[in-house]
There are 2 protein chains.
Amino acid sequence: MSAGGSLREVSRRAVQSRIARTAESLFAEKGFEETTVDEIAEAVGMSQRSFFRYFASKDEVVFDSLERLSEELAQRLAARPLEEPAWDSLRRSFDPVAERFADPEHRDHDAAIQRIIDRSPRLLSAYLGRLERLQRALTDALVARSVRRAERGQDVVVLRAMVGGACACLHAATVHAGADPEVFGPSLDRAMEALRPAEV
Amino acid sequence: MSAGGSLREVSRRAVQSRIARTAESLFAEKGFEETTVDEIAEAVGMSQRSFFRYFASKDEVVFDSLERLSEELAQRLAARPLEEPAWDSLRRSFDPVAERFADPEHRDHDAAIQRIIDRSPRLLSAYLGRLERLQRALTDALVARSVRRAERGQDVVVLRAMVGGACACLHAATVHAGADPEVFGPSLDRAMEALRPAEV
DNA sequence: CCGGAAGCGTCAGTGACTGTCAAACATTAC
DNA sequence: GTAATGTTTGACAGTCACTGACGCTTCCGG
């Protein structure tokens, strides 16, 4: 379980990044569905079989960077002070997303990925599946926090719905902002202010 | 565009229902991934090619009934009185879902479908994709209503987030309730009460 | 130098899906 | 009744994502 530091893990990640970068440029160029795994593998210079040794599916390549962002969000939430209202903790745990919008390097990359996703209904579904997993992780964090605060009354359904609502704000802001960092932050704040739950 | 009344449309729907019923029992029996389209087609008594003439994909069979429920929800929302707060309109447009939980016939069917979906990550993603489409429809309805109320201030992002929040409540209640109708209604109400936006 | 472990390519196979074509069938026109 | 017309179907072949098996190489500790 020791967090991925072993030499071999590192080189594995390097190869994955190389594949991801290559694939993304192909996807951006010709579209996701129109790009075959064979083409990606050839562009990288490996066999199709090896491609599937680094990614379990063609979809996963697209979410390579997103996956790590998700983990970061969940960790952020868990690290928030106990006394902070849950809704604010959720908002603050979304900060890394806003930061990525601010950084030109990440922004262009993320915008490209988002364009790829938006053009493929299948990828959009897969993306929402990831988001659902993120929501489970965030809900778990909120439940754990509620236990640590020794709250009895907290209702799992409400926590779950709250996380869903917060992620809906995130999603709405992302969709609405496109790649514009000036729009994203304010949109997210407006949405989350409007949906803020009364108490908790 | 005349809503599906033509003789041919009706018989088409009949065949689709027959396929769906057959497929669902196979899925429930052996699981979604483990059931091949060939098996479904043979059980129905048609070629694989014909199966794909009635459903664009294996996934679609599972969502056959859900799709019509979605349409009903969107229509309900559009039919709600203009002066009703948006959040209440959303809650009321979810009533058909609760009604289905109450009806034993539908409940068992829906519970079976939900079990099938829950067992397959791929189907879960597809399901979320449908939910996203529903959200778009609901958002459109709210936007149209906001226009008809001649409101200037309404913010698309906020409306979008509100719909997302409401659907998150619906989803949370569904997941939490399993097949228990006694749990679903109260869960949905608690979640939606907790997330109710301040105004609008 | 030898042993095994790890990474890789090749090959063969499955299953979802698509295009094409020709036969079967029903529909309507005459 | 028959011919023309259109719709529905099965058969066949092909693509693409993905998987399992096998055998080769490379690298590393003993």
Side-chain angles (χ1 to χ4, degrees), chain A residues 4-20 22-24 26-27 29-64 116-117 119-127 129, chain B residues 4-20 22-24 26-27 29-64 116-117 119-127 129:
Chain A
S6 97
L7 220 96
R8 198 158 269 132
E9 286 298 316
V10 170
S11 92
R12 181 180 168 81
R13 274 243 43 92
V15 177
Q16 280 174 331
S17 308
R18 217 178 77 231
I19 298 175
T22 311
E24 279 157 23
L26 285 175
F27 291 156
E29 196 184 314
K30 325 186 352 178
F32 178 77
E33 323 274 6
E34 289 71 26
T35 308
T36 70
V37 174
D38 280 322
E39 287 168 342
I40 302 171
E42 201 199 330
V44 179
M46 57 170 54
S47 70
Q48 195 215 50
R49 195 70 187 82
S50 282
F51 172 94
F52 284 111
R53 286 191 177 103
Y54 288 96
F55 290 99
S57 73
K58 192 178 156 189
D59 296 4
E60 278 207 4
V61 187
V62 179
F63 302 117
D64 181 51
I116 295 169
I117 295 176
R119 286 193 216 276
S120 158
R122 171 141 162 277
L123 268 187
L124 180 60
S125 290
Y127 168 73
Chain B
S6 98
L7 220 96
R8 200 159 267 131
E9 285 298 318
V10 169
S11 91
R12 181 179 169 80
R13 273 241 43 91
V15 177
Q16 280 175 331
S17 307
R18 217 178 77 230
I19 298 175
T22 310
E24 278 158 23
L26 285 175
F27 291 156
E29 197 184 312
K30 327 183 355 178
F32 178 77
E33 324 273 7
E34 290 71 26
T35 307
T36 70
V37 174
D38 280 322
E39 287 168 344
I40 302 170
E42 201 199 329
V44 179
M46 57 170 52
S47 68
Q48 195 216 51
R49 195 67 188 83
S50 282
F51 171 94
F52 283 112
R53 286 190 178 105
Y54 288 97
F55 291 100
S57 74
K58 192 179 154 189
D59 295 5
E60 277 208 5
V61 188
V62 179
F63 302 117
D64 181 53
I116 295 169
I117 294 176
R119 286 192 216 278
S120 158
R122 168 138 164 280
L123 268 187
L124 180 60
S125 290
Y127 168 73

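Each chain gets a letter, A, B and so on, in the order its sequence line appears, and its residues count up from 1. Small disclaimer: the values here were computed from a predicted structure and weren't measured.
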Practice item. Output the distance between atom OH (Y127(B)) and atom CD1 (I116(B)), rounded to the nearest 0.5 Å. Key: 14.0 Å

Practice item. Mind running a 4.0 Å heavy-atom check of residues 45-59 of chain B against DNA chain D and sending the residues that fall below it, in number order? Key: M46(B), S47(B), R49(B), S50(B), R53(B), Y54(B)

Revision key, fill the gap. The first and last nucleotides of DNA chain C lying within contact of chain B, meaning any atom under 4.0 Å from one of its heavy atoms, run from dG15(C) to dT20(C)

Review point. Looking at residues 32-41 of chain B, who's got a heavy atom less than 4.0 Å off DNA chain C?
Key: T35(B), T36(B), V37(B)

Review point. Any idea which heavy atoms bring A20(A) and V61(A) closest together, and the distance?
Key: CA-CG1, 3.6 Å

Practice item. Could you tell me which residues satisfy side chain to side chain contact (heavy atoms under 4.5 Å, CB included) with R13(A), sequence neighbours excluded, listed by chain and number? Key: Q16(A), S17(A), D64(A), R68(A)

Practice item. Using the test side-chain hydrogen bond (donor to acceptor under 3.5 Å, both in side chains), find all partners of E60(B) that sit at least two apart in sequence or belong to another chain. Key: none

**Study point:** Taking every non-hydrogen atom, the tightest pair across G129(B) and S125(A)
**Key:** CA-OG, 3.5 Å

Review point. Below 4.5 Å, heavy atoms only, C-beta onward: do F27(B) and K58(B) meet side chain to side chain?
Key: yes

**Study point:** side-chain contact (heavy atoms from CB on, under 4.5 Å) evaluation trace for F51(A) with I19(A)
**Key:** CA-CA 8 Å; F51(A) 172 94; I19(A) 298 175; 3.7 Å; yes

Point to revise | Note, F63(A) side chain near I117(A) side chain (heavy atom, < 4.5 Å) | key: yes

N/O donor to acceptor pairs below 3.5 angstrom from side-chain atoms of residues 32-41 of chain B, sequence neighbours left out:
residue : atom : partner : partner atom : Å
E33(B)  : OE2  : S120(B) : OG           : 2.9
T35(B)  : OG1  : G31(B)  : O            : 2.7
T36(B)  : OG1  : E39(B)  : N            : 3.1
E39(B)  : OE1  : K30(B)  : NZ           : 3.0
E39(B)  : OE1  : T36(B)  : N            : 3.0
E39(B)  : OE2  : K30(B)  : NZ           : 3.0

Point to revise | Spatial distance of atom CZ (F52(A)) from atom CD (Q48(A)) [nearest 0.5 Å] | key: 5.0 Å

